[in-house]
2 protein chains.
Amino acid sequence: MIHTPLTRDWGLRYPIIGAPMAGAADGRLAAAVSSAGGLGMIGIGSQASNGFIHEQAAVARQGGKFGLGLMVWALADRPELLEAAVAARPNLLSLSFGDPTPYVPVCHAAGIPVAVQVHSQAEARQAERAGVDLIVAQGTEAGGHTGAVATLPLLQVVLDTVSVPVVAAGGIATPQGLAAVLAAGAAGAWIGTALLASPEAAHNATAQARLLAADETETLLTHVFDCVQGLAWPEEYPGRALRNDFAARWHGQEETLMRSEQAIEEFHQGRGDYSVGFIYAGQSVGLVRQVRPAADVISTLGEAAEQWLSRRLTILSGQD
Amino acid sequence: MIHTPLTRDWGLRYPIIGAPMAGAADGRLAAAVSSAGGLGMIGIGSQASNGFIHEQAAVARQGGKFGLGLMVWALADRPELLEAAVAARPNLLSLSFGDPTPYVPVCHAAGIPVAVQVHSQAEARQAERAGVDLIVAQGTEAGGHTGAVATLPLLQVVLDTVSVPVVAAGGIATPQGLAAVLAAGAAGAWIGTALLASPEAAHNATAQARLLAADETETLLTHVFDCVQGLAWPEEYPGRALRNDFAARWHGQEETLMRSEQAIEEFHQGRGDYSVGFIYAGQSVGLVRQVRPAADVISTLGEAAEQWLSRRLTILSGQD
């Protein structure tokens, strides 16, 4: 048993949270992660319906605890997403990619703890001042939308800045990676990419085959897929996806892309073809080599990290 | 005492190597790092003279062991750099940014161990096949020239791929960061940015003030400073520097920059002004907050990492 605030205060068996990946982490994945002893989360996209939240929360609840992840920038136009999320009574609500301050009291009034993904020391300070319960230091190597600072330096900066528990996100997909962030002082890891090739993730077999084939160098951090969809993602959070033909053609040409009706039409027609459509994934995709049940991913990570840490400390202290 | 191949087989007191930063790490910095119990290295730029290598090696040797760092791509035009480096009889030679295979036997014939910085699984395999003695997994958050994959995922990939000792480079500037990579399985850390604000580094007070003022978000990975100098750095290795006016103006416009005699002239005239001239630094610059002797940086990192690891393991195992 690894002892951190996540296992001691939150009752998790393993200090692992399943990242709320909109479009990939629905109720089924969340339930699988939680039933294995982590905390599974559902990702709520900016276009999600209230019905989606209600339905997926019901599925997730079958695994025990669950969390919901919202994007703060989307709440300006759609405050009903937060109402629906609170009404679903999750065990954790994440409010990321924007200033969470106005929304934290609503969650706390309903008795729901709040997590915030941060990408800099300034965002970590803002989150702590807002009274959040958990800070997620999300490195640039993470899949999907993220910042520019890598997990290892960001984690050191954030741990040095705040006193609430911090988990690390981005680039963690092996027991050695989990051991690293725990040793640095993190309360646990926020795992996304390592779960994408699970049968419980919302990706089809074609997308999963692409994920298994990709190595750590085959992702791209880009605004292309937000621009082509007309999504109002803030400039400072591009998305990390598997590099494909469409991204290679338009990366750095986003202004032109947004004015090209032909390219936008091509994207919407071709989304099922992954040379056009996107698959968000982090650099740890190079460590994802087989389709494995999410529960197996979580329990193997948690058990092996504990054994690895114990053995590694023996070696480092010269007692082997 | 932390036990790793660097302390056990290489006789270092701390498992820390000072990165061979051309233009910043001369003999004086290398001597300070080695005298404190790490292994100091001198960075050899592509334009360095043989006299520079000879002179700086003599300075470094006063600290005990020392290493020299060469760039492989520069050896095609200047094979005499390798001859001079071998003649200086360093305790470690690093051969990075290009295929080291042709050069490893020359070093080994002279009894000099070889390290190679790698940025992907493919480069790690190449280095191991070449028979190198130490692999440096250098993440994108590192200062100076580097690759695209971040330290944490790269380290996991490389440790999973090779059986020679691996050290981690990029984003490590606190005892917590050193503890993280040691816990993951690294034999030690390769530290650059954390040493830049030392009196022994070759930077002037103005540059050091810039380094102290910068936070973790204020670096940029760019080809601008190689293009403007006409240096033949391979496309896959941009350089991470403090973001400044010159880089902001030309980043993404490198083709135009290389054709602009006016911009090139402006750069050469203005290099002493750091709104034009570059200061290479990694994202861990956000953790560098005071001018400190290099020996103090090394011994504090090494001592505190050992204490931190021991205490952290007690906490994680629930024995606190």
>> Taking every non-hydrogen pair under 4.5 Å, which of Thr4(A), Ile315(A), Asp215(A) racks up the most with chain B?
In response: Ile315(A)

> If you count heavy-atom pairs under 4.5 Å between each of Ala183(A), Pro175(A), Ser284(A) and chain B, which one has the most?
Replying inline: Ala183(A)

>> Using the rule given for side chain to side chain contact (heavy atoms under 4.5 Å, CB included), can you reason through Asp160(A) versus Arg289(B), listing the C-alpha separation, both sets of side-chain angles and the distance that settles it, and then say yes or no?
In response: CA-CA 12 Å; Asp160(A) 193 45; Arg289(B) 291 165 187 159; 2.5 Å; yes

> What residue in Gly185(B), Ser317(B), Gly177(B) has the most heavy-atom pairs under 4.5 Å with chain A?
Replying inline: Gly185(B)

> Is there a donor-acceptor pair closer than 3.5 Å between any side-chain N or O of Gln121(B) and the backbone N or O of Glu216(A)?
Replying inline: no

> Pro153(A) versus Glu141(B): any side-chain heavy-atom pair under 4.5 Å?
Replying inline: yes

> What closest approach, in Å, do Ala180(B) and Ala184(A) show between heavy atoms, and which atom pair accounts for it?
Replying inline: CB-CB, 3.9 Å

>> Quick check on side-chain contact (heavy atoms from CB on, under 4.5 Å): which of Thr314(B), Leu316(B), Leu313(B) does Leu313(A) satisfy it with?
In response: Leu313(B)

> Counting heavy-atom pairs under 4.5 Å to chain B, which of Leu159(A), Thr174(A), Ile2(A) comes out on top?
Replying inline: Thr174(A)

>> If we define contacts as heavy-atom pairs under 4.5 Å, which of Gln176(A), Glu306(A), Met1(A) has the most with chain B?
In response: Gln176(A)

> Does Gln319(A) CD have over 12 foreign heavy atoms under 6.0 Å away?
Replying inline: yes

>> I'd like to verify something: which residue of Thr151(A), Leu309(A), Leu221(A), Leu178(A) has the highest number of heavy-atom pairs under 4.5 Å with chain B?
In response: Leu309(A)

> So which part of Arg311(B) gets closer than 4.5 Å to some heavy atom of chain A, the side chain, the backbone, both or neither?
Replying inline: neither

> If you measure from OG on Ser120(A) to CD on Glu218(B), what distance do you get to the nearest 0.5 Å?
Replying inline: 10.5 Å

>> Need one label for Ala186(A): side chain, backbone, both or neither, based on atoms under 4.5 Å from any heavy atom in chain B.
In response: backbone

>> For Leu182(B) versus Arg312(A), what's the shortest heavy-atom pair and its separation?
In response: O-NE, 2.6 Å

> Of all of Thr217(A), Val157(A), Ile172(A), which one pairs up most often with chain B through heavy atoms under 4.5 Å apart?
Replying inline: Val157(A)

> Are Leu152(B) and Val181(A) close enough, and set up right, to give a side chain to side chain contact (heavy atoms under 4.5 Å, CB included), and what steps lead you there?
Replying inline: CA-CA 9 Å; Leu152(B) 191 55; Val181(A) 301; 3.9 Å; yes

> Between Leu154(B), Leu287(B), Val149(B), which residue shows the highest count of heavy-atom pairs closer than 4.5 Å to chain A?
Replying inline: Val149(B)

> Hey, which of Gly318(B), Ala179(B), Gly147(B) has the most heavy atom pairs under 4.5 Å with chain A?
Replying inline: Gly318(B)

> Within a radius of less than 6.0 Å around CZ of Arg13(B), do more than 12 heavy atoms belonging to other residues, nucleotides or ligands occur?
Replying inline: no

